[in-house]
Amino acid sequence: MMAAMAQQDCGQCGYNCNDYSDAIAGKSEARLNLCVPGGKETARMLKTLYEELDKTSAAASSSPAVVPAVAVSTTISEPGRSRDNPVEATFVSRRLLNKKGSEKETWHIDFDLSISGLDYVVGDSFGIFARNDLGLVDQIIALLGAQHTIKVRGKTLREVLTDDVSLSPAPDSLFELISYLTGGAQREKARALAQGEDPDGDTATLDVMAVLQKFSNVRPHPEAFVEALEPLQPRLYSISSSHNATPGKLSLTVDCVRYVIGKRKRLGLASTFLAERINPGDRLQVYVQKAHGFALPADPKTPIIMIGPGTGVAPFRAFLLDRRATGATGKNWLFFGHQRSDCDFFYADELNAMKTSGLLTRLSLAWSRDGAKKFYVQDRMREVGREVWTWLADGAHVYICGDAKRMAKDVERALVDIVAQFGARSTDEAISFVGELKRKGRFQQDVY
Ligand SMILES: Cc1cc2nc3c(=O)[nH]c(=O)nc-3n(C[C@H](O)[C@H](O)[C@H](O)COP(=O)(O)OP(=O)(O)OC[C@H]3O[C@@H](n4cnc5c(N)ncnc54)[C@H](O)[C@@H]3O)c2cc1C
Ligand SMILES: NC(=O)c1ccc[n+]([C@@H]2O[C@H](COP(=O)([O-])OP(=O)(O)OC[C@H]3O[C@@H](n4cnc5c(N)ncnc54)[C@H](OP(=O)(O)O)[C@@H]3O)[C@@H](O)[C@H]2O)c1
């Protein structure tokens, strides 16, 4: 089961990958669709394995040699400490971090936690429950040919579609429902889609509304339609503030997801909710997701090297604010990078002030689109590899935050090369050295 998951230990499902697998196997978790980076492929594979598990345990029930799956306790967590038990927070404000000319739309978001008294430590993430865009909801209701006031699950259809269900991407169960309601080639197509096939080469673009448009002669009943949709999942964001510095306040650094498919603009659910659909004073459901293995060193004198391009800078702003608030004396080195120096240098004033005050010992910057050739944080790290090695030899902890798919791997590769070159080791020895840093908790990642 774990092999079917994305294995980023990103925490979006509310577990580590290993614990999520154990919880499913131990039958304390029935939801097989929680692995967000794994998407539908993971959900499908977990369903298959889950069914096999049932068969296996039935066949093996007479065999004493089979060890039963470990049952995971299902204790209700403290309020505000898990996705299953959220609390209310107040949205305070948003501020655009990019300047004119940027291709990005990144927001600094502030919340007030005083309703719940929730606290956190730097390195933790914040889970938020967003609401769907009303424009999208109303278009879907129109495609269903339904009244928005019709009651479903004790609420109006409009409320359910706004607050309770995911409208992207379309789940297999929606294709299944459509296959029952139509016939001929359409039915075959819907069946194929329900089984993960891609008969028209457009599966990746099919959100719930696109499915209703694709099968425009099928009008499911609102109740059956809602039943076929997945519940709306929360989204996690790295906390970019410190509770020690600003008790009761919490901030995030959010990159807004917007893209166009065909002629239709698509909106990332939570990022655009924070960017435009929630107003100062509004309340929302939230929780703090405790970091596992992503925290400041216990010894405040330990030097730290933080590598966080783009929104990856978020937890490092928090680390720096925390070290200042607690008077930690360890040296701090930040590698930050983004597309363009003149419009994408988030928190420039703050970071420059931290450098002037001496809190930030070193600030190394890399702008990928300022020059003719791409230049990334790991290119800057290689340039100053000797100093990076000296910090490592002095016991520095290293942190990476941001994109999991390429950046984190490339940065780790650069670190291995630096250890090999300046630590006078073979590549294999350098790989073991970095592996050892990880085992000792001196190399930590928060990637998504
Ligand atoms: C531990 C953790 C920490 C995180 N911290 C941060 C953070 O500090 N800041 C931050 O901004 N994000 C962070 N994220 C990511 C965040 O949780 C969300 O995944 C992100 O904001 C997108 O969510 P959304 O609801 O806006 O978009 P969704 O509705 O989830 O849509 C995103 C999906 O849209 C699709 N998509 C996106 N772009 C395109 C495109 N061009 N073409 C086609 N399809 C596309 C992809 O399928 C993508 O998965 C973090 C994630 C984790 C797990
Ligand atoms: N799926 C993906 O492939 C992918 C990639 C990046 C980000 N994201 C997502 O986009 C959202 C937020 O993005 P963000 O604001 O953090 O910015 P970002 O899009 O991650 O970009 C930040 C900076 O990192 C650079 N970068 C790109 N590839 C890199 C690599 N291999 N190594 C080092 N640096 C690299 C970018 O350069 P250029 O853009 O100029 O190349 C940019 O200067 C997150 O949700 C993240 O997961 C997804």
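Values below: all heavy atoms of this structure, side chains included; hydrogens, waters and symmetry mates excluded. Atoms within each ligand, like the ligands themselves, are counted from 1 in listed order. By convention here, the first residue in the shown sequence is residue 1.
Checking Y448, F294, Y259 against atom 35 (C) of ligand 1, the nearest heavy atom belongs to Y259. When C401, G39, S238 are checked for heavy-atom proximity to atom 8 (O) of ligand 1, S238 turns out nearest.
Ligand 1 has an N or O atom lying under 3.5 Å from an N or O atom of L269, backbone or side chain. Backbone and side-chain nitrogen or oxygen atoms of S125 are examined, and none is located within less than 3.5 angstrom of a nitrogen or oxygen of ligand 1. Residue I261 places no N or O, backbone or side chain, under 3.5 Å from any N or O of ligand 1.
Around NZ of K374, the count of heavy atoms belonging to other residues, nucleotides or ligands within 6.0 Å exceeds 12. At most 12 heavy atoms of other shown residues, nucleotides or ligands fall within 6.0 angstrom of atom CZ in R413. Within a 6.0 Å sphere centred on CD of E41, other residues, nucleotides and ligands contribute 12 heavy atoms or fewer.
Looking at N332, its side chain never comes within 3.5 Å of a backbone N or O of I304 through a donor-acceptor pair. Listed for the T106 side chain is no donor-acceptor partner under 3.5 Å among the backbone atoms of D255. K438 contributes no side-chain N or O that, together with a main-chain N or O of V434, makes up a donor-acceptor pair within less than 3.5 Å.
If you check which protein heavy atom lies closest to atom 19 (O) of ligand 1, you get R235 CD, 4.5 Å. Protein heavy atom in closest approach to atom 9 (N) of ligand 1: T253 O, 2.8 Å. Scanning all protein heavy atoms for the shortest distance to atom 50 (C) of ligand 1 gives L236 O, 3.1 Å. Of all protein heavy atoms, the one lying nearest to atom 11 (O) of ligand 1 is D255 N, 2.8 Å. Of all protein heavy atoms, the one lying nearest to atom 20 (C) of ligand 1 is Y237 OH, 3.8 Å. Nearest non-hydrogen protein atom to atom 26 (O) of ligand 1 is S271 OG, 2.5 Å.
Taking every non-hydrogen atom of Q12 and a distance limit under 4.0 Å, the qualifying atoms of ligand 1 come out as 53 (C). Taking a cut-off of under 4.0 Å to the non-hydrogen atoms of G268, the atoms of ligand 1 that pass are 24 (P), 25 (O), 26 (O), 27 (O), 28 (P), 29 (O), 31 (O). Close contacts between ligand 1 and V254 involve ligand atoms 11 (O) [criterion: under 4.0 Å to a heavy atom]. Less than 4.0 angstrom separates some heavy atom of C10 from each of these atoms of ligand 1: 1 (C), 53 (C). Of all atoms in ligand 1, listed by their number and element, those nearer than 4.0 Å to a heavy atom of D446 are 1 (C). Each of the following atoms of ligand 1 lies closer than 4.0 Å to a heavy atom of A270: 24 (P), 25 (O), 26 (O).
One finds the CZ atom of R258 at 15.0 Å from the CZ atom of R266 (value rounded to the nearest 0.5 Å).
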Please step through side-chain hydrogen bond (donor to acceptor under 3.5 Å, both in side chains) for the pair S238 and D446, ending with a clear verdict. CA-CA 8 Å; S238 310; D446 177 25; 3.1 Å; yes
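If you look at V257 next to ligand 1, the close heavy atoms, those under 4.0 Å, all belong to the side chain.
For S341, the side-chain hydrogen bond (donor to acceptor under 3.5 Å, both in side chains) test picks out D370, with sequence neighbours left out. Residues passing the ring pair (Phe, Tyr, Trp, His ring centres under 6.0 Å) test with F316, sequence neighbours excluded: F319. Residues satisfying the ring pair (Phe, Tyr, Trp, His ring centres under 6.0 Å) criterion with Y347, sequence neighbours excluded, are H108.
Within 4.0 Å of ligand 2, contacts by protein heavy atoms are made from K104, D255, P309, G310, T311, H338, Q339, S368, R369, K374, Y376, Q378, D403, K405, R406, M407, D410, Y448.
For atom 2 (C) of ligand 1, the nearest protein heavy atom lies under 4.0 Å away.
A salt bridge links R31 to E29: one of the charged nitrogens lies within less than 4.0 Å of a carboxylate oxygen.
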